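One structure is given here, and the rest of the page talks about it.
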Amino acid sequence: VKILSLASFSFGLEDVAGGPVPMRIDYSREHLSSDQAFLEQLARELASVASTVEGCYGTPMDMEGVVLEKSTGREIHLVQARPIVEHF
């Protein structure tokens, strides 16, 4: 048996004319859950952004961002980044 994805549901916002509306999300139909090539390419792109930011700051960073899939291509937006602080 080969499991391609597991069904999981939640709600998100979809941008439609007139403003965002709540939509049920079936993760078994999402590329992140079911398309290995898509996931690997996205991981490479995110790693490139992370490496660039960490290279600029010269230290490991905790980063948060948003990925938008648009008809014109993928956009990766960095929302915030801060140095990772370890407490011992």
Side-chain angles (χ1 to χ4, degrees):
V1 174
K2 183 177 181 182
I3 298 174
L4 300 178
S5 66
L6 300 174
S8 177
F9 301 93
S10 67
F11 287 88
L13 294 175
E14 184 171 338
D15 190 18
V16 297
V21 295
M23 300 292 291
R24 184 175 169 169
I25 300 170
D26 176 355
Y27 286 101
S28 69
R29 296 176 182 257
E30 293 294 320
H31 288 298
L32 280 173
S33 298
S34 60
D35 185 338
Q36 187 67 28
F38 174 86
L39 182 59
E40 290 173 3
Q41 180 59 35
L42 178 59
R44 282 190 287 276
E45 292 175 32
L46 293 173
S48 175
V49 170
S51 293
T52 299
V53 171
E54 288 183 346
C56 289
Y57 282 94
T59 188
M61 301 289 284
D62 176 17
M63 292 173 249
E64 297 174 16
V66 176
V67 177
L68 300 175
E69 295 292 335
K70 294 185 159 189
S71 59
T72 56
R74 179 176 297 138
E75 295 179 3
I76 299 174
H77 299 270
L78 187 61
V79 176
Q80 73 175 15
R82 59 187 169 274
I84 293 176
V85 179
E86 293 186 35
H87 298 281
F88 295 97

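All residue numbers in this chain count up from 1 along the given sequence. Source: prediction; values computed, not measured.
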Handout entry: Salt bridge Glu64-Arg82, side-chain N to carboxylate O under 4.0 Å
Key = yes
Exercise for the section: State, with a plain yes or no, whether a side-chain heavy atom of Leu46 is found less than 4.5 Å away from one of Val67. Expected result: yes
Exercise for the section: Just do the side chain to side chain contact (heavy atoms under 4.5 Å, CB included) check on Lys70 and Glu75 with the steps written out, would you? Expected result: CA-CA 7 Å; Lys70 294 185 159 189; Glu75 295 179 3; 3.4 Å; yes
Distance-only check: which donor-acceptor pairs under 3.5 Å involve side-chain atoms of residues 51-58, not counting sequence neighbours?
residue, atom, partner, partner atom, Å
Ser51, OG, Ala47, O, 3.0
Thr52, OG1, Ser48, O, 2.9
Glu54, OE2, Met61, N, 3.0

Exercise for the section: To the nearest 0.5 angstrom, please state how far the CG atom of Leu42 sits from the CZ atom of Arg44. Expected result: 10.0 Å
Practice task
Compare every heavy atom of Val66 with every heavy atom of Val79, then report the nearest pair and how far apart it is.
Solution key: CG2-CG2, 3.8 Å
Exercise for the section: Evaluate the side-chain proximity of Glu45 to Arg74: yes if any heavy-atom separation is below 4.5 Å, no if none is. Expected result: yes
Problem - Residue pair Met23 / Leu13, side-chain heavy-atom distance below 4.5 Å - result: no
Practice task
Go through the structure and list residues passing ring pair (Phe, Tyr, Trp, His ring centres under 6.0 Å) with Phe38, not counting sequence neighbours.
Solution key: His31
Fill in the blank from the handout: d(Gln41 CD, Gln36 CD) to nearest 0.5 Å is 12.5 Å
Practice task
Is it possible for you to say whether Leu39 and Ile25 belong to one hydrophobic cluster, with membership spreading through side-chain heavy-atom contacts below 4.5 Å?
Solution key: no
